[in-house]
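Let me begin by presenting the structure, written as C-alpha cells, before commenting on it.
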Amino acid sequence: MSASDDWPEEVLRILIIEDERKLAEAIAEGLRGNGYEAIVTHSGEAGMRRMREAAFDLVLLDIMLPQQGGLETMREMRRSGYRMPVLVLTSRGSVDDRVRGLDAGADDYLIKPFAFPELLARIRALQRRAKPTTASVLQLADLRMDVSGRMATRGNVAIELTGREFDLLEYLLLHGGTVVSREMVARDVWKTTVRYTSLDNVIDVHIARIRKKLDDPFPVKLLHTVRGLGFVLRKAEEKECG
C-alpha cells in the first residue's frame with residue numbers, strides 16, 4: 001500500500017523537500033494544522049523516491065539541498081513527467097536565482113525567511129491554477145471526443161471504446177502533440193505509482209486496441225509510438241506513422 005492510500009481524495013497532498021530539519025517539520029506541522037497532508041524528506045534523492053511511491057499534488061522544494069541540488073531535482077521531476085506545481089523555498093533571492101528556478105520548472109518562488117500565512121496563500125493560488133479546466137469536447141483533426149457524453153467519433157464514424165480505452169484516449173488528447181510516457185499513463189490513467197513489466201504490457205495492449213479502432217480504417221494516422229519514450233497523438237501523413 002502506498003503512503004497516499006489512506007488519504008482522502010479532497011485533501012491536498014504536499015511533499016516537502018527541505019534539508020533544514022526544524023524548518024521542514026515546522027512547515028509540515030503548520031500545513032497539517034490547516035487541513036493539508038504533508039510528507040517531509042531532506043534530500044532531492046529522497047524526494048524523488050517518495051514521488052515514485054505516492055502521488056502528490058504540490059511540492060515545496062528547497063534549492064540549497066545537499067548532493068543533488070534543488071534545481072537538478074526539479075529538472076529530474078519534469079523529465080520524469082511529474083507535472084504537479086513546485087513552490088521553491090530559498091534564501092537566495094536575486095533576480096538571476098529566481099529566473100534559474102522558474103526556467104528549471106518552478107511555478108512560484110518564496111524567499112526565506114517567510115511568513116507562514118504567505119506560504120499558505122501561495123499554496124492556495126497554485127492549487128487554483130492547477131485545477132483542471134477540461135473542455136467538454138476535445139478535438140484533433142477529424143477526431144472528436146465528447147467527454148461528458150463519453151462518445152468518440154472520427155469523421156462521421158463512431159469509435160466504440162471500453163471505459164479504460166476512453167480514459168486513455170482522453171489523456172492522450174489532453175496532451176495532444178506531447179509525448180506521454182508509460183510512467184505518466186500508469187500514474188494518471190491507471191492511478192498507480194508502482195511500475196512493473198506486466199502493467200507496461202497492459203498499457204501497450206490498450207494502445208494497440210485504440211490504434212486499431214482509431215487509425216486502421218483511415219489513411220491519416222493520429223496515434224504514434226515514439227520508441228524509448230512513449231506515445232503521442234498528432235496529425236501526420238500515413239508514411240510517417242509509427
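In this text, all values refer to a predicted model and were calculated from it rather than measured experimentally. Scope of the values below: all heavy atoms of this structure, side chains included, with no hydrogens, waters or symmetry mates.
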- Message: Do I203 and L174 sit in one hydrophobic cluster, given that two such residues count as connected whenever their side-chain heavy atoms are within less than 4.5 Å of each other, even indirectly?
- Response: yes
- Charged N-O contact under 4.0 Å between E165 and K213: yes
- Query: Which value, rounded to the nearest 0.5 Å, describes the distance between L58 atom CG and D107 atom CG?
  - Reply: 8.0 Å
- Task: Show the numbers, then the answer: is there a side chain to side chain contact (heavy atoms under 4.5 Å, CB included) between M77 and V86?
- Result: CA-CA 10 Å; M77 286 176 55; V86 176; 3.5 Å; yes
- Task: Report yes or no: is the cationic atom of R154 (NZ for Lys, CZ for Arg) under 6.0 Å from the centre of the six-membered ring of F218, at an angle within 45° of the ring normal?
- Result: yes
- Task: Find out if a path of hydrophobic residues (ILVMFWY) with successive side-chain heavy-atom gaps under 4.5 Å connects F114 to L120.
- Result: yes
- Message: Please report the interatomic distance CG(L172) to CD(E170), rounded to the nearest 0.5 Å.
- Response: 10.0 Å
- Query: Is I159 reachable from I207 through a run of hydrophobic residues whose side-chain heavy atoms are each under 4.5 Å from the next?
  - Reply: yes
- Message: Looking at W190, I'd like to know if the NZ or CZ of R182 sits under 6.0 Å from its six-membered ring centre while staying within 45 degrees of the ring's axis.
- Response: no
- Is it possible for you to say whether L119 and L23 belong to one hydrophobic cluster, with membership spreading through side-chain heavy-atom contacts below 4.5 Å? yes
- Message: Just by distance, no angles: are the side chains of D146 and S148 close enough, under 3.5 Å, to form a donor-acceptor pair?
- Response: yes
- Query: Do the non-hydrogen side-chain atoms of E72 and E76 ever get within less than 4.5 Å of each other?
  - Reply: no
- Which atom names give the shortest non-hydrogen contact between T153 and A158, and what distance separates them? CG2-CA, 3.9 Å
- Look at the side chain of R78 and the backbone N and O of Y82, then say whether any donor-acceptor pair between them is shorter than 3.5 Å. yes
- Item | Taking every non-hydrogen atom, the tightest pair across I16 and A24 | CD1-O, 4.1 Å
- Atom CD of E29 with >12 non-hydrogen neighbours under 6.0 angstrom: no
- Task: Might you confirm whether atom CE of M48 has over 12 heavy atoms from other residues, nucleotides or ligands at distances under 6.0 Å?
- Result: yes
- Query: Going through the distances and angles, do R32 and Y36 end up as a side chain to side chain contact (heavy atoms under 4.5 Å, CB included)?
  - Reply: CA-CA 5 Å; R32 291 165 188 149; Y36 297 106; over 6 Å; no
- Query: Which distance, rounded to the nearest 0.5 Å, do you find between the CE of M64 and the CG of D19?
  - Reply: 9.0 Å
- Message: Between K221 (side chain only) and D215 (backbone N and O only), is there a donor and an acceptor less than 3.5 Å apart?
- Response: yes
- Task: Ignoring hydrogens and angles, tell me if any N or O in the side chain of R50 forms a donor-acceptor pair with the backbone of I39 under 3.5 Å.
- Result: no
- Item | Residue pair L65 / Q68: nearest heavy atoms and the distance that separates them | CB-O, 3.6 Å
- Please report the shortest heavy-atom distance between G44 and T73, naming the atom on each side. CA-OG1, 3.3 Å
- Pick from L143, L214, V232: which one makes a side chain to side chain contact (heavy atoms under 4.5 Å, CB included) with L223? L214
- Item | Where G70 and L61 come nearest, the two heavy atoms and their spacing | O-CD2, 3.4 Å
- Message: What I want to check is whether the side chains of R211 and T225 have a donor and an acceptor closer together than 3.5 Å.
- Response: yes
- Note on the structure: CD of E37 to CG of L12, rounded to nearest 0.5 Å, is 10.0 Å
- Message: Let's go through K112 and D62 carefully: what are the C-alpha distance in whole Å and the side-chain angles of both, what is the deciding distance for side chain to side chain contact (heavy atoms under 4.5 Å, CB included) to 0.1 Å, and is it a yes or a no?
- Response: CA-CA 10 Å; K112 301 176 184 177; D62 180 33; 3.1 Å; yes
- Using 4.0 Å as the upper bound for N to carboxylate O, is an ion pair formed by R49 and E53? no
- Note on the structure: Taken to the nearest 0.5 Å, the spacing of M51 CE from T41 OG1 works out to 7.5 Å
- Before giving the answer on salt bridge (Lys or Arg N to Asp or Glu O under 4.0 Å), spell out for E183 and R52 the whole-Å C-alpha distance, their side-chain angles and the decisive distance to 0.1 Å. CA-CA 10 Å; E183 181 180 16; R52 296 184 186 104; 5.2 Å; no
- Query: Between I14 and F56, what is the shortest heavy-atom contact and its length?
  - Reply: C-CD2, 3.8 Å
- Query: Are any side-chain N or O atoms of H224 and backbone N or O atoms of F231, one a donor and one an acceptor, separated by less than 3.5 Å?
  - Reply: no
- Can you find a heavy atom in the side chain of M145 that is under 4.5 Å from one in the side chain of V137? no
- Task: Following the transitive rule for hydrophobic clusters with a side-chain heavy-atom cut-off under 4.5 Å over Ile, Leu, Val, Met, Phe, Trp and Tyr, establish whether L233 and M184 coincide in one cluster.
- Result: yes
- Is the shortest heavy-atom distance from the side chain of L168 to the side chain of H206 under 4.5 Å? yes
- Task: Show your reasoning for whether side chain to side chain contact (heavy atoms under 4.5 Å, CB included) applies to L31 and F116.
- Result: CA-CA 9 Å; L31 291 174; F116 193 75; 4.2 Å; yes
- In Å, rounded to the nearest 0.5 Å, how long is the span from CG of L60 to CD of E18? 9.5 Å
- Would you kindly say whether H42 and R21 are connected by a side-chain donor-acceptor distance under 3.5 Å? yes
- Message: Counting C-beta onward and ignoring hydrogens, is there a side-chain heavy-atom pair between V220 and K235 closer than 4.5 Å?
- Response: yes
